[in-house]
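Accompanying notes for the structure given below.
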Amino acid sequence: MPFIAEILIPLALDTPYSYVVPAGLDLAAGDVVQVPLGPREIVGVVWGLGDTAGGSNLRPVTGRLPYPPLSDPLRSLVDWIARYTLAPKGSALAMVLRLPDEAAAVETVRVAVRITGKPPARPTAARSKILAVAVDGALRGKSALAKEAGVSLSVVDGLIDDGALEAVAVEPEPVAPRPDPDFPRTPLSPAQAEAVTALVEGFPWRRGPGEETDNRPVLLEGVTGSGKTEVYFEAVAACIREGRQALILMPEIALTAQFLDRFAARFGVRPAAWHSGIGGKRRERLRLAVAEGEALVVVGARSALFLPFARLGLIVVDEEHETAYKQEDGVHYHARDMAVVRGRLEGCPVVLTSATPAIETRVNAARGRYRHVLLPERFGGRRLPDIAAIDMRLDQPERGRFLSPPLVNAVKSTLERGEQALLFLNRRGYAPLTLCRACGHRYQCKNCSTWLVEHRFRRALVCHQCGYTERRPEACTECGTFDNLTACGPGVERIAEEAAALFPDRRIVVLSSDFPGGAERLRQELDAVAAGECDVVIGTQLVAKGHNFPFLTLVGVLDADIGLTSGDPRAAERTFQLLQQVTGRAGRGEKPGRALVQTYQPDHPVIAALLSGDAERFYAEEIQAREAAGLPPFGRLAALIVSASERETAEAHGQALARAADPPDGVMVLGPAEAPLALVRGRYRFRLLVKTERNVDLQAYLRAWIARGPKVRGNVRVAIDVDPQSFL
DNA sequence: GTAGTCCATATG
DNA sequence: ATATGGACTACG
């Protein structure tokens with residue numbers, strides 16, 4: 001009887017494939033192997049072993065590959081995520097198994113050169129230039145030396161052949177230097193120390209045998225500026241003292257030099273950082289360091305969740321309410337929730353931190369599924385900013401202007417004191433609507449039903465839904481009138497224009513996700529602002545995210561009402577979180593801060609809660625409102641939209657969902673004819689499964705989803721916002 | 001993911 | 001009659 005291996009292949013396949021294990025090859029579950037698939041060879045992972053013959057025409061495993069095997073918990077995570085998100089198992093595996101491509105796999109040995117003292121046989125001008133630089137005897141990279149001497153690389157090679165320089169192989173710089181948990185640090189406040197004790201209490205590796213452990217996830221909730229980071233750093237320190245690894249997950253945008261420096265201030269070295277920008281060899285060396293347990297702390301964006309940790313001891317999810325944790329293409333998952341799952345599977349604690357937790361996290365804490373640790377005050381006795389409303393019905397800006405007189409005055413005096421001001425407007429571009437004064441034509445997206453947003457800098461009209469862009473026309477495309485287009489309403493670019501007119505001598509910077517130069521430049525710009533290299537910051541929501549601006553003392557919210565009117569059932573929650581975060585940026589340095597909030601509806605529950613600082617009440621009311629409406633604070637609605645031919649499969653899927661341990665609140669199976677017509681534009685035939693956390697307006701959601709123009713082929717599956725606790 | 005199929009349409 | 005492209009399926 002031949003031995004059979006079940007090999008999972010990182011392609012969109014639901015089940016592992018069976019292969020014969022050739023004699024002499026000793027395989028174990030988790031091993032990374034090479035197998036033939038059709039005409040080619042492909043990498044796979046041993047998912048199971050058996051001696052049951054699964055047919056006589058199985059092909060043999062080609063061999064084992066020299067990669068660390070996938071641990072049991074990691075394989076369970078793949079199984080779990082596939083089942084939960086209804087993604088093919090192979091797709092889930094692909095997230096774990098991003099192996100190096102051919103180019104990256106070739107380990108080029110880095111070579112440095114050093115002077116030997118032996119004079120060159122044939123001294124030339126170029127050669128002596130190099131020797132003049134190298135005379136200090138230091139090690140230099142070949143190209144660095146050539147560049148410094150201002151000659152070509154071949155001259156260096158010539159000198160090596162000659163014997164005047166010697167080449168020395170250098171160890172690559174360590175990819176994950178060891179953080180020192182006992183590095184001298186600034187002392188914690190009593191409140192922080194108390195929180196550390198509460199946090200670390202119950203961690204399984206802190207308890208002796210027989211002692212009780214409490215491995216529930218912990219919500220670490222602290223107001224902006226309370227020093228949550230320093231608190232969880234102590235949990236990280238405790239973890240690495242135990243010789244275990246810690247993972248800190250952050251929204252990609254928050255992964256800045258500033259954060260890495262803060263880490264270095266506590267642990268002596270910067271942590272290993274994992275994000276979409278880290279590529280090639282460095283990526284693979286870090287992965288290996290993680291798999292071998294060498295990398296003790298990894299700070300990373302959501303994909304870091306799938307790194308093959310050898311001894312994971314702690315997962316921290318920073319800013320757990322951030323929507324950036326949601327992955328919405330390929331396998332759909334919420335990294336915060338998957339972190340909870342991985343923690344459970346690895347038997348390690350999970351800490352979720354936020355100043356404005358997501359409703360579902362709050363509910364989980366209130367129901368006792370999560371522990372709740374609170375930091376109610378700012379660090380160092382600093383006060384929370386005073387927040388006041390500016391009623392726009394009373395304090396109107398001039399026509400065509402958007403800053404009210406009280407806000408302008410506040411900015412002026414802030415700048416006069418040499419402090420920094422932030423003007424927050426959650427709208428990119430110059431103006432959200434463009435119309436022709438002659439004929440009244442409004443510029444609309446071809447694909448979506450949204451207005452095109454003018455971007456004056458790019459001289460374009462852009463759809464913020466699908467990215468469709470057209471040149472801003474000189475003459476109206478409808479009636480042909482020249483030079484008669486009007487920009488309606490403000491975007492950050494327009495506010496920058498207004499600010500430049502008001503404060504001509506000040507340094508003004510606009511920060512939005514479409515920052516010219518891309519994410520890397522944006523990150524640098526954020527650091528520059530934090531260093532005080534600018535007076536007025538005009539920013540969209542990205543300035544609210546995990547960045548400290550120590551010189552910032554005034555935050556002006558230009559239009560607090562944006563977002564309150566959208567049909568999104570989370571509008572209130574999102575707006576509250578955003579405004580709370582952005583106003584909380586003020587006064588975190590030496591000087592106290594304040595926030596001024598321009599609004600037309602100061603009595604709206606969200607605005608009122610923000611002004612009174614009563615988050616507690618806001619959450620309670622929000623949860624209550626959902627209960628009153630007959631909705632669970634987080635429930636699930638599953639919908640399957642199918643092509644006629646797949647109806648049967650979908651029905652079965654739906655029934656399976658309804659039979660799940662904690663079934664969705666409803667399952668809908670729709671055929672293409674029943675789906676909203678706008679949805680099934682063209683000849684799409686697809687199966688779409690949507691699981692929503694709440695009872696969202698499914699049609700609106702789907703319309704938006706299609707409007708984004710996804711490449712829809714057969715077998716599309718979407719699952720968003722599900723509550724993993726119910727499956728654990 | 002990729003190679004190969006079928007089928008429809010475009011092209012010479 | 002033959003190329004080109006999209007949709008779909010098999011791959012153990």
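Just the heavy atoms: all of them, side chains too, but no hydrogens, waters or symmetry mates, feed the values below. Chain A is the first sequence line, chain B the second, and so forth, proteins listed ahead of strands; every chain is numbered from 1.
For A:Glu320, the salt bridge (Lys or Arg N to Asp or Glu O under 4.0 Å) partners at least two apart in sequence or on another chain are A:Arg336. Judged as a side chain to side chain donor-acceptor pair (under 3.5 Å), and not counting sequence neighbours, A:Arg283 has no contacts.
Note: NZ (A:Lys89) to C1' (C:dG12) measures 16 Å, nearest angstrom. Going from atom CG of A:Leu37 over to atom C1' of C:dA10 covers 9 Å, rounded to whole Å. Per the geometry, CG belonging to A:Asp14 stands 17 Å off P belonging to C:dG12, to the nearest Å. A straight line from CD of A:Glu6 to P of C:dC11 spans 16 Å, rounded to a whole angstrom. Straight-line distance from the CG atom of A:Leu58 to the P atom of C:dC11: 12 Å, rounded to whole Å.
When heavy atoms are screened at a 4.0 angstrom cut-off, A:Pro10 is found touching no nucleic acid atom at all. Nucleic acid contact for A:Ile42: none, since no nucleic acid atom lies under 4.0 Å from a heavy atom of the residue.
Taken from CD1 in A:Ile7 to CD1 in A:Ile42, the straight-line distance is 12.0 Å, to the nearest 0.5 Å. Interatomic distance, OG1 of A:Thr434 versus CH2 of A:Trp451, reported as 11.0 Å (0.5 Å rounding).
When only modelled atom types and interatomic distance are considered, A:Ser354 and A:Glu319 share no side-chain donor-acceptor pair under 3.5 Å. A donor atom on one side chain and an acceptor atom on the other are not found under 3.5 Å apart for A:Tyr19 and A:Thr62.
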Under 3.5 Å, which N/O atoms of the protein pair with N/O atoms of nucleotides 2-6 of chain B?
residue : atom : partner : partner atom : Å
B:dT2   : O4'  : A:Arg40 : NH1          : 3.2

